[in-house]
Amino acid sequence: MSASEANGVPFGQSERRPDAIVVGAGLAGLVSTLELLRSGHTVLLLDRCHAQQIGGLAREAFGGMFMVDSPEQRRSRIPDSERLALEDWLRIADFDSEDVWPRRWAEQYVTRARDDVGGWLRELGVRFFPVVNWAERGNFGDGNSVPRFHLTWGTGKALVSAVWGAIESHPRRSALELRLRSRVTGLLYEDGRVAGCRVIAEREEQVGAAAGESLARPGGVASDESYEVRATKAVVIAAGGIGGNLELIRREWPTSELGTPPRELLMGSHYYADGALHEQVRELGGNVTHLSRMWNYADAVRHPKPQRERHGLKLIPPRSGIMLDPDGVRYGPVPVMPTFDAHAALRRMCEDERKYSWLICNFKIAKRELDVSGSQHNPHLRERRIVPFLLSVLLGKPRLVRHFLDGSPDFVSAGSLRELAGKMNEVTGESAIDVDVLEREIGRYDATIARGKALFNDDQLRRIAQLRNWRGDRLRTSRFQRIVDPSAMPLIAIRLQVMARKSLGGIQTDLGCRVLRTQDGEPIAGLYAIGEAAGFGGGGVHGKRSLEGTFLGGCVFTGRLAAATIADAELPVRIPPRVE
Ligand SMILES: Cc1cc2nc3c(=O)[nH]c(=O)nc-3n(C[C@H](O)[C@H](O)[C@H](O)COP(=O)(O)OP(=O)(O)OC[C@H]3O[C@@H](n4cnc5c(N)ncnc54)[C@H](O)[C@@H]3O)c2cc1C
């Protein structure tokens, strides 16, 4: 039963007003909604999506969460601490001196993620995989000093189910009205505060998404009805980032660092993450910061079964494959290796105007190491099927490799390097790959391996050894496997491209998630921003780069803090360690 059914009239009709309007039913919006219900508020939750898409990007997410000094880390004897994590975060973030709020958010997140994010989720029944993954360790040990990527048992989908389940079963469920296919187009500013918003009810000729399909293209809109709604206390913007608007991504592209935007750009964000509400906030005088800071990936391919225009997938490419530039020359002298430093890989890729790379491996390597970041291609993890999941870790994922070889135009395989070179050129429509160059580059790497461990002198092999030292990686990393090896065929080439994914910048907020004005830094009364819309806190908690797993956690953290502020019950701010 909804609030409207309980009272006979929906919010917005007659004088009945909710305490809070939450715009966006992604993870951030759901967390805030749950906490607002718990603190006795009435809530109107608006989203453009269909019912089966509630949860936004978190439904598709892998479910990795950055936490510090967690029970899982302790059980694995990983010596982590708030100080160490904050040192890592600040080094990677590389904040500018004016990034005062982002830095404060970073300090709070690092200090409180274990209890206020992980602990809170545990109370909702969420569980994390006991072996903590080690993402973004840095090419030179300058990223995460220790493993911190806690994989949610059940992927991001389990996070959404837990929070949405808690909302649905809440004794005060009737104090929430959920309105889907409702697009917020403007904010209402009245009597010195944000009082509500303008909404278009999107009606459709056909439903764009089949049942169970997430984030599909919207169907055609037949007739739209526009209306206004008002809240007594707060409007919370939880409408995601800007990654779904490729035009905006191109406009904000950090050209000084990455050159001109790629001609081909894949989309890996939410179809509705269009930045429209960022613009509304700006028009009200709110401070929208650092939109050119983005967390885009250099290891994406075209989706074998695209559900939206330019649909891309972020791979976890095999680390035992070798990375080549568009001419087939190996990156060097420091080789590019997936998962060590995503931003450095993107910079190297973008040094060339063509802005793509090649990863060359073989079937044996790919079946052990290839993976995809997301719930869709990890069905055993997503559905919590422990035995098949463990078998896939032990035996690899040959079916996943075949799925990509059969379906993604960026995957080709061949029985020889000559044949492979021809197929690579067919993928790009260029003739940049010369088989002699390919043979030289791969032959040199293979020859180093053939000389034996005692004579290894290649940075990639040193890093493979380091990967195999950590039990979270050992089983998923081949043992110094040659590329051209008759027992490991066929050869595989993967064309990797740039994909727009996460927005690091966003709407600037204080630690209570109140939106701050550009002019005087004071809060705009009645207006809050959370999740990716707020740059996961403060308009850019990550600064210039992320340690990974920090996005879902940032949604939970900001969602909770906004609700606490609205309820005048701020969660106690913890004193972070002093790190210069
Ligand atoms: C495949 C994939 C894997 C990922 N894996 C990880 C991971 O392992 N770890 C991690 O930390 N992060 C991960 N992420 C990132 C993370 O999922 C997102 O950053 C996070 O879920 C964003 O949540 P949000 O609630 O802020 O926004 P969203 O999920 O984007 O939700 C915003 C909602 O607002 C609605 N909306 C937008 N505009 C309007 C409007 N004008 N009116 C009404 N409604 C509107 C949208 O329909 C949507 O439902 C992953 C993302 C993807 C796509």
Side-chain angles (χ1 to χ4, degrees), residues 21-33 45-50 53-67 113 117 133 135 149-152 155-157 159-160 163 179-187 197-202 214-215 218 236-245 267-280 295 297 300 303 311-316 372-378 381 499-504 506-507 529-537 542 546-559:
I21 296 171
V22 177
V23 184
L27 183 62
L30 293 183
V31 168
S32 234
T33 298
L45 177 58
L46 299 168
D47 200 299
R48 291 183 71 179
C49 73
H50 296 267
Q53 298 165 330
I54 286 175
L57 286 178
R59 289 181 77 87
E60 294 193 3
F62 203 20
M65 310 262 289
F66 179 99
M67 286 184 281
V117 175
N133 283 359
F149 191 82
H150 297 69
L151 202 49
T152 307
T155 69
K157 187 174 160 245
L159 296 174
V160 173
V163 181
R179 252 180 238 175
L180 298 176
R181 303 304 289 137
S182 300
R183 175 183 181 179
V184 173
T185 56
L187 298 169
C197 42
R198 243 183 320 281
V199 186
I200 289 181
E202 296 185 323
S214 67
L215 310 175
V236 183
I237 297 182
I242 63 166
N245 185 339
M267 218 282 264
S269 179
H270 199 292
Y271 199 79
Y272 296 144
D274 58 6
L277 292 180
H278 292 69
E279 202 42 48
Q280 290 296 315
W295 198 236
Y297 288 108
H303 199 298
H311 195 170
L313 279 174
K314 182 207 161 359
L315 299 182
I316 302 174
V372 184
S373 169
S375 60
Q376 189 191 2
H377 291 89
N378 285 284
L381 185 62
M499 184 176 77
R501 169 71 52 86
K502 294 145 190 165
S503 311
L504 300 186
I507 302 166
I530 57 176
E532 198 160 336
F536 305 93
H542 297 96
S546 161
L547 290 166
E548 282 291 359
T550 48
F551 309 101
L552 293 166
C555 289
V556 174
F557 192 49
T558 54

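Order of listing sets the numbers, starting from 1, for every ligand and every atom in it. As the structure is a computational prediction, the values presented were derived from the model and not from experiment.
- To the nearest 0.5 Å, the span separating CG on L552 from NE2 on H150 amounts to 13.5 Å.
- When only interatomic distances are considered, the shortest N/O to N/O separation between G241 and ligand 1 does not fall below 3.5 Å.
- Considering backbone and side-chain N/O of C555, none are found under 3.5 Å from N/O of ligand 1.
- If you look at S182 next to ligand 1, the close heavy atoms, those under 4.0 Å, all belong to the backbone.
- At under 3.5 Å, not a single nitrogen or oxygen of A61, backbone or side chain, sits near a nitrogen or oxygen of ligand 1.
- Judged purely by atom type and a 3.5 angstrom limit, N378 uses its side chain to pair as donor or acceptor with the backbone of V372.
- Annotation: the span from M65 atom CE to L151 atom CG amounts to 10.5 Å, rounded to 0.5 Å.
- Proximity of a side-chain donor or acceptor of R59 to a complementary backbone N or O of I54 within less than 3.5 Å is detected.
- Among the atoms of L552, some N or O lies under 3.5 angstrom from an N or O of ligand 1.
- Within the listing of ligand 1, atoms 26 (O) sit less than 4.0 angstrom from a heavy atom of G531.
- Of all atoms in ligand 1, listed by their number and element, those nearer than 4.0 Å to a heavy atom of A58 are 17 (O), 21 (O).
- Listed by number with element, the atoms of ligand 1 under 4.0 angstrom from any heavy atom of G268 are 53 (C).
- Remark: side-chain polar atoms of S32 are not paired, donor with acceptor, to backbone N or O of L30 under 3.5 angstrom.
- Taking only nitrogen or oxygen atoms, main chain and side chain alike, V23 does not reach within less than 3.5 Å of ligand 1.
- Using the six-membered ring where Trp is involved, F536 and F551 have ring planes that are perpendicular, over 60° apart on the 30 and 60° scheme.
- Proximity of R501 to ligand 1, defined as any heavy-atom pair under 4.0 Å, is confined to the side chain (atoms from C-beta onward).
- At least one donor-acceptor pair closer than 3.5 Å links the side chain of R501 to the backbone N or O of G268.
- Of the possible polar contacts, none joining the T558 side chain to the G537 backbone as a donor-acceptor pair under 3.5 Å is found.
- At a heavy-atom distance under 4.0 Å, only side-chain atoms of H270, from C-beta outward, approach ligand 1.
- Inclusion of R48 in the set of residues having an N or O under 3.5 Å from an N or O of ligand 1 is warranted.
- Considering backbone and side-chain atoms alike, A533 places every N or O at 3.5 Å or more from each N or O of ligand 1.
- With ligand atoms numbered from 1 in the order given, ligand 1 contributes 7 (C), 8 (O), 9 (N), 10 (C), 11 (O) to contacts under 4.0 Å with heavy atoms of G64.
- Between C555 atom SG and L159 atom CG the span is 10.0 Å, to the nearest 0.5 Å.
- Checked by distance only, ligand 1 and E532 come closer than 3.5 Å through their nitrogen or oxygen atoms.
- Residue contact annotation: F66 has no non-hydrogen atom under 4.0 Å from ligand 1.
- Neither the backbone nor the side chain of W295 comes within contact range of ligand 1; no heavy atom lies under 4.0 Å.
- Considering backbone and side-chain atoms alike, F62 places an N or O below 3.5 Å from some N or O of ligand 1.
- When atom types are taken as modelled, the side chain of S503 and the backbone of I242 share a donor-acceptor pair closer than 3.5 angstrom.
- In terms of the ring-ring contact (aromatic ring centres under 6.0 Å, His included) criterion, residue partners of H303 (sequence neighbours excluded) are, by chain and number, H311, H377.
- Remark: distances from the non-hydrogen atoms of A273 to ligand 1 are all 4.0 Å or more.
- Residue contacts with ligand 1 do not include Q53, since none of its heavy atoms lies under 4.0 Å from the ligand.
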- Task: Would you please test C197 and L46 for side-chain contact (heavy atoms from CB on, under 4.5 Å) and show each step?
- Result: CA-CA 10 Å; C197 42; L46 299 168; 4.1 Å; yes
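- Residue F536 places a heavy atom under 4.0 Å from ligand 1.
- The shortest N or O to N or O distance between D47 and ligand 1 is below 3.5 Å.
- With a heavy-atom cut-off of 4.0 Å, A238 touches ligand 1 through its backbone alone.
- Tested against S269 for a side-chain contact (heavy atoms from CB on, under 4.5 Å), the candidates D274, N245, L57 yield a single pass: L57.
- When non-hydrogen atoms are compared, ligand 1 lies under 4.0 Å from neither the backbone nor the side chain of I54.
- Legend: side-chain hydrogen bond (donor to acceptor under 3.5 Å, both in side chains) pairs involving residues 547-557, not counting sequence neighbours, sorted by first then second residue: W295-E548, Y297-E548, H542-T550, S546-T550.
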